[in-house]
Amino acid sequence: MLTTEFNYDQFYASDKVKVALKKLQQACVLDKYRIMEFCGGHTHTFFQTGLIDQLPKNIELIHGPGCPVCVLPAKQTTALIRLLENNPDITACVYGDLLSIPTDKGDSLLKSKGRGANIQHVYSPLDALNYAQNNPDKKILFYAIGFETTAPATAMAILQAKKLQLQNFSVYCNHVTTGAALDTILQSKVNLNGIIAPGHVACVIGKSFFDFYAHKYSMPMAVAGFTPLDLVIALTDLVKLVNANHTSVINSYSRTVTNAGNIAAQSAIKMVFEDKELYEWRGLGELPSSALRIQDDFSAFDAEKKFHFEFEQVKDHPHCQCPKVLLGQKNPLDCKLYGKACTPSHPLGSCMVSSEGACAAYYRAGKEANAY
Ligand code: SF4
């Protein structure tokens, strides 16, 4: 449990990280460990802090699909742009990194804003709710994305909107679920020895959620926090599981994650959302029961029921390797466009947009493109 004396900086302290790295090095007794960090937040920490270059040489990190911006299909954003440009009375409230996601024709919400669409940058669904309360003459739509980490806050905003009988607030729901992505990765051909599981998702759904997948696919996992020390400790725990051939889950983030997770947050999700039969993930294709939809009891707040969205299939850039990067089958440096035609200021694929995307993490860490 966190107390007022809790010193978060200790998890960044280089002397502590160095000691932990030494223990990790000692634990690495096999020739190779292919470890997937499922979550883009972990990718970001590995690269932003330079930890990636300090890991034992026999650890190979495979980057997973846990970046909500990266897996959001372009057609969702294209449909929103069309809706906003045809309906100037609607204002979309969006997270900052959604603004520059490229669509198939090089368009983006930012460019649409430049053409006059009403788009507001917000930090949370509650910001959007407040904006709706303060602007009763406007129709406010919140563009909701993310895994189980962000879904509770969206659910709370919808519950609050219902309580306030707010007529001008709705949610464009694009929340996805971790289980479907784990199934897809673990059924694919990617060769893995273990997975670093996302600590923030586990805070909500509990460590026990991952037990099911570790058992189902005989895959060791370690639930990890987001600082360099958290990650080195989790890698050490995971390497020990691999060495011992144990296909279980170790909770390496026990100061925050419990076995059962956050019951109140799970209840909020269950109260407001239900499984969507089919949802298309960028890179992974259409996956059954892989996303959330708003239950009929709350349809007054469901933007897709309130407004007319026109969805059409759109294609990613033909040379973009994002689908394979998201499945752990390719490295960003394998993409011919990396660092040349595709950079964070001119992204051609979704993995270059968010700081949690593998391509953006590589680029910001100064990783150089392979020579072709
Ligand atoms: S470098 Fe750009 S184009 Fe290539 S895989 Fe990454 S996001 Fe896609």
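Counting convention: from 1, in listed order, for ligands and their atoms alike.
Between His317 and His319, the ring planes lie tilted relative to each other; the angle falls in the 30° to 60° range. The aromatic rings of Tyr338 and Tyr363 lie perpendicular to each other, with more than 60° between the two planes, well past the 30° mark.
Between Lys207 and Asp211 there is a salt bridge, with a side-chain nitrogen of the basic residue lying less than 4.0 Å from a carboxylate oxygen of the acidic one.
For atom 2 (Fe) of ligand 1, the nearby protein N/O/S atoms, meaning those under 2.8 Å, are Cys342 SG.
Annotation: cation-pi geometry satisfied between Lys162 and Phe298 (NZ/CZ under 6.0 angstrom from ring centroid, within 45° of ring axis).
Residue pairs satisfying the side chain to side chain donor-acceptor pair (under 3.5 Å) criterion with at least one member in residues 136-146, sequence neighbours excluded, are listed as follows: Thr77-Tyr143, Asp89-Lys139, Tyr131-Lys138.
The 12-atom threshold is not exceeded at CG of Asn245, counting heavy atoms of other residues, nucleotides or ligands nearer than 6.0 Å.
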